[in-house]
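Single-structure report; data block below.
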Amino acid sequence: MNSRFLLVPVAAVCWVQPSQAVVYMSVEQAQSAMFPGATFAPEFRTLTPAQVSAIEKTSDTHVLDKQLRAWKASTGGWFIADQVVGKHDFIPFAVALDDKGAVKAVEILEYREAYGGEVRNGPWRAQFVGKGHDAALQLTRDIQNISGATLSSKHVTDGVRRLVTTYAVLLSGNSAQ
Amino acid sequence: MGAGLRELESRLIVQKNFLDDRMVLAFNLTVTDDWRDVPRPGANDNDPLDHAWLKQSGMNLGLAGSYRFTSGWSAGLELQNERGFEGIAPFSASARTDVAYYLGPSLHYANQHLFVTATYLEQLPLASDYAHTSPDFVVDGRTYAANFERRRVRLKFGWYF
């Protein structure tokens, strides 16, 4: 075989272009939409190995990033920005929790996949509202699957479950106004 | 299916994902039966009717794993075991003609619309040629019979519309 042909796959993978992320909301826009009129105090934390272990064990998910990006809302509650694994790339999303740790809203901040964008649909995201860390938050149990968007649906559901568990493990003792 | 070829391919795919779908293990079993319309041995070239259907079958077993090490990029390793058979007998040891193994890495990139997978496979020195007893057909443990190359490069492009 002519060794020049070995350069073809190398050239192909070098040629590939970075994806164009569709940014639906910035963190600031999501904060304003989820907590209208509130101001936000950042409560960024680095999770300890014990906290990671507790979150993973309780939520049955993997903690992808030990850096927790949480903000305390002046009107009560918490805003947490995070990301989950998509089919090819990460899916940045945000969760608003009330002062008892129940979900107020879920927003998809960016979506970079060709399929599965239905997780942005309002009725699907509304299924999370009111659910706390004691809820199942399991796809096909209390959260309906979206046909054709199974992977995104599952990972966003797992991500929300992980964040409500993170609240219970880490933030619930810091909710008083 | 073509004028001189009939092929039936069946494939069983077993896949298990780990680590939030970042790690994938997959096993493929592919069985092919084909009928090729070929001239009979010693046939008169001027007689287009002097032909016969040559029956062959093959069984490929593929085992591969990949890990997405950063956004859009996955690296993997693939092992292929390819077996050729005389006649339509893909599970008959007595009908075996060739057995070869290939191993190599793969690199996969995907974004919102495009995906590219490049794979390099090298034949391992574990081959057998049951159809030809002459030592010329298996050299240094590798078979060079038809369809059994020393090295393979596979490049797949895809576009999500």
Side-chain angles (χ1 to χ4, degrees), chain A residues 1-24 52 55-56 59-65 82-93 110-117 139 148-162, chain B residues 15-26 64 66-78 100 102 104-123 139-140 142-161:
Chain A
M1 183 176 67
N2 192 323
S3 60
R4 287 179 302 174
F5 291 116
L6 291 174
L7 297 175
V8 174
V10 175
V13 294
C14 292
W15 170 78
V16 295
Q17 303 293 310
S19 61
Q20 296 293 315
V22 179
V23 180
Y24 296 104
V52 169
I55 292 166
E56 290 186 339
S59 66
D60 192 25
T61 61
H62 293 105
V63 173
L64 299 175
D65 190 349
D82 204 334
Q83 58 184 6
V84 291
V85 174
K87 186 170 177 59
H88 306 303
D89 211 331
F90 288 106
I91 305 172
F93 74 110
E110 296 180 38
Y111 200 78
R112 302 154 173 157
E113 313 287 345
Y115 300 106
L139 197 67
T150 300
L151 190 144
S152 297
S153 304
K154 181 179 188 309
H155 288 179
V156 170
T157 301
D158 290 349
V160 173
R161 187 169 73 251
R162 176 163 47 78
Chain B
Q15 178 177 321
K16 178 68 178 171
N17 294 6
F18 302 91
L19 300 174
D20 296 330
D21 300 314
R22 285 172 293 162
M23 177 178 282
V24 177
L25 290 181
S66 73
Y67 179 72
R68 193 196 310 179
F69 56 92
T70 188
S71 288
W73 289 91
S74 299
L77 193 66
E78 181 174 325
Y102 290 86
S106 65
L107 187 64
H108 173 81
Y109 171 81
N111 65 28
Q112 189 170 3
H113 293 291
L114 172 74
F115 71 82
V116 181
T117 306
T119 307
Y120 173 80
L121 293 172
E122 174 105 14
Q123 191 182 148
V139 180
D140 295 333
R142 297 179 178 90
T143 177
Y144 295 93
N147 302 323
F148 290 95
E149 302 83 4
R150 167 75 183 265
R151 302 180 185 90
R152 294 174 176 174
V153 176
R154 186 173 62 218
L155 190 61
K156 289 185 180 179
F157 286 92
W159 186 268
Y160 294 110
F161 292 97

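Below, chains carry the letters A, B, ... as their sequence lines are ordered, and counting in each starts from 1. Keep in mind that this is a model prediction, so the values were computed, not measured.
Lys154(A) does not touch chain B: none of its heavy atoms, backbone or side chain, sits under 4.5 Å away. Contacts between Phe115(B) and chain A at a heavy-atom distance below 4.5 Å are absent for every atom of the residue.
In this structure, Asp21(B) places its CG atom where more than 12 heavy-atom neighbours from other residues, nucleotides or ligands lie under 6.0 Å away. Atom CG of Asp60(A) has 12 or fewer heavy atoms from other residues, nucleotides or ligands within 6.0 Å.
Residues meeting the side-chain hydrogen bond (donor to acceptor under 3.5 Å, both in side chains) test with Arg22(B), sequence neighbours left out: none. Partners of Ser59(A) according to the side chain to side chain contact (heavy atoms under 4.5 Å, CB included) rule, which considers only residues two or more places apart in sequence or in another chain, are Ile55(A), Thr61(A), Arg161(A), Arg162(A), Thr165(A).
Between the side chains of His155(A) and Asp20(B), no donor-acceptor pair of N or O atoms lies under 3.5 Å.
Taking the six-membered ring where the residue is Trp, His88(A) and Tyr160(B) present tilted rings, their angle falling between 30° and 60°.
Ring centers of Phe18(B) and His62(A): at least 6.0 Å apart, outside the cut-off.
Under the 4.5 Å side-chain criterion, counting only non-hydrogen atoms from C-beta, Val22(A) is in contact with Gln112(B). Put simply, the side chain of Val85(A) reaches to within 4.5 Å of the side chain of Arg68(B), judged on heavy atoms.
Considering CG of Asn17(B) and CG of Leu151(A), their distance stands at 8.0 Å, rounded to 0.5 Å.
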